[in-house]
Amino acid sequence: MTGPGVDPVVRVFAADALGTTVRLRGWVLRSRSSGGILFLVLRDRTGSVQVTGRRDALGAEGFATAEHVQIEGAVTVEGTVAEDRRAPEGREVRASAITVVDAGEPFPIWTDQTEEFRLDQRHLVIRSQEHVATFRVKAEYLRACREFLDREEVLEMTPPVLSGNAAEGGAEAFEIDYFGRPGYLSQTAQLYLEALLFPHERVYALTPSFRAEKSRTPRHLTEYLHLEVELAWCDLSELLEFIERMVVATVHAVAERRPKELELLGRPPAELLALEAPFPRLEYAKAIEQLAAQGFPVHFGSDLGAAEERALTIESRSPLFVLHYPRELKAFYMTQSRTDPRTVEAADLLAPEGYGEMVGASSRETDIARLQERLGSMGVDPAAYEWYFDLRRHGNVPHAGFGLGIERVLRWMLRREHIRETTPFPRTPSRHTP
Ligand code: 4AD
Ligand code: MG
């Protein structure tokens, strides 16, 4: 809210604003003074504008006080909107009064500091132009996802993040002491969404997921935001159509609503608007053949790592579905393919331009014996999953779902080198502060 009598900075650039008086408040982006004139660039959530304050207009004391405001200090400004061809957007505010809310200490952040230092100072670094643009895009993307799911009549659910089950199998779960018993931070909401699907048919959750992966890669976080959807009466091919519709709609929405931010981050919105369904589909077995022909040491059964995923999409502007992975590579809950039992009814969606997996999708195994067999072969005690098997005992229907890594999508969309740049306070194996 701008509050009574306060104008947003963007008001300065309105067609009818010239010559009017405005009252602004915000933070100082830059400041210098010369020859009795103070030049401030003032930022609020709507934009930034140059403010000039003359000593004769502000008074000697007012001028001296305003002159001592540091970068990121907070001020309010009253002044007149004037034309100024040297100002970045052709207008400036000529101040009649500048009130200092907090002069601030010298701001400790500048551009050529080491990455480690900048990560230590993340709570301040997130005021940078790039981060502001990034998190506006992220908010817009989340909004677009919710809007899309709402249009598709998929209902938002609130599954727990603390659990006595390590849903994906165990190895990469963060274990905690839950009043003397083992507890886990959620790696996926999927099992709970499957339970919620029976009364609601179409459900989703947007929750943090945790992965205790020690791997320091530019695409892994230990905490990430996970969008998970579960649909009743759905098979893999219908699910893939749903996913591509969602990806196209949400990415287009961001391109339409945040073009300036995208440009600033080096992704022309036109590139995102060019995205269209259907996305190409490639059988895992075919992908292995292609990769082997390119010299990768892979065979049927090999997992696709970052290098392999990169090779499959580096030349492409479109995302790519890779289908029907070997059963041993994937989670216990995926439907064993009835046509080729070596594989599962699953697909990963790989981002364009080599950015790698963004979505993991599958139809869900409904046969209890097969679920037990897979858990057993992974060395997991099926007893912990009794409640999950119950879902197969009461009105079991075919269903399918997927999980999309929000930061994975943003990393591609915003061409970020490292996934940590898509989240304000990144959690990685070497860091969980600030
Ligand atoms: O492929 P994953 O592990 O699938 C699941 O967890 C399913 N239970 C989801 C479901 O079907 N409901 O993870 C899903 C997605 C990946 O495709 C990736 O985008 C993202 O989550 N992801 C990560 N993102 C950032 N850092 C990590 N360490 C990630 N691990 C997975
Ligand atoms: Mg996956």
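These figures come from a predicted structure and were not determined experimentally. Residue numbers run from 1 in the order of the sequence given. Start at 1 and go down the list; that is how both ligands and their atoms are numbered.
- In E228, the part holding a heavy atom less than 4.0 Å from any atom of ligand 1 is the side chain.
- Atoms of ligand 1 found under 4.0 Å from any heavy atom of V359, numbered from 1 in the order shown, are 17 (O).
- The N, O or S atom of E357 lying closest to the Mg ion (ligand 2) is OE2.
- A salt bridge links E230 with R364; the closest basic N to acidic carboxylate O contact falls under 4.0 Å.
- F425 does not carry R122 over the face of its six-membered ring by the limits of under 6.0 Å from the centre and within 45° of the normal.
- Side-chain contact between E153 and E201 is absent, with no heavy atoms from C-beta onward closer than 4.5 Å.
- Close approach of ligand 1 to E357 (heavy-atom distance below 4.0 Å) involves ligand atoms 1 (O), 16 (C), 17 (O), 19 (O).
- Checked by distance only, ligand 1 and G405 come closer than 3.5 Å through their nitrogen or oxygen atoms.
- Residue contacts with ligand 1: R211 is included, with a non-hydrogen atom under 4.0 Å away.
- Checking P426, A346, A212, G403 against atom 10 (C) of ligand 1, the nearest heavy atom belongs to G403.
- Separating the CZ atom in R23 from the OG1 atom in T99 is a distance of 8.0 Å, to the nearest 0.5 Å.
- Counting the atoms of ligand 1 from 1 in the order shown, those under 4.0 Å from a heavy atom of Q190 are 7 (C), 8 (N), 10 (C), 11 (O), 12 (N).
- Here K330 pairs with D348 in a salt bridge; the nearest charged N to carboxylate O distance falls below 4.0 Å.
- Those atoms of ligand 1 that come under 4.0 Å of a heavy atom in R364, given as number and element, are 10 (C), 11 (O), 12 (N).
- With a 4.0 Å cut-off on non-hydrogen atoms, E172 does not touch ligand 1 at all.
- Contact annotation for E230 and ligand 1: no heavy atom of the residue comes within less than 4.0 Å of the ligand.
- Side-chain contact between V154 and F148 is absent, with no heavy-atom pair separated by less than 4.5 Å.
- Classified by interplanar angle (parallel below 30°, tilted 30° to 60°, perpendicular above 60°), the ring pair F242/F402 is tilted.
- Near F402, with a cut-off below 4.0 Å to any heavy atom, the atoms of ligand 1 are 10 (C), 11 (O), 12 (N).
- In this structure, F279 and L320 have side chains that are not in contact, with every pair of non-hydrogen atoms separated by 4.5 Å or more.
- At a threshold of 4.0 Å, the pair R431-E115 does not count as salt-bridged, since none of the basic side-chain nitrogens sits closer than that to a carboxylate oxygen.
- Any N or O atom pair closer than 3.5 Å counts here, and I419 shares no such pair with ligand 1.
- Every atom of ligand 1 with a heavy atom of R219 under 4.0 Å away is listed here by number and element: 25 (C), 26 (N).
- The Y333 neighbourhood of ligand 1 comprises atoms 5 (C), 7 (C), 8 (N), with distances under 4.0 Å to a heavy atom of that residue.
- Summarising the geometry, atom CZ belonging to R211 is positioned 5.5 Å from atom CD belonging to Q187; distances are rounded to the nearest 0.5 Å.
- Within ligand 1, counting atoms from 1 as listed, the ones closer than 4.0 Å to a heavy atom of E213 are 28 (N).
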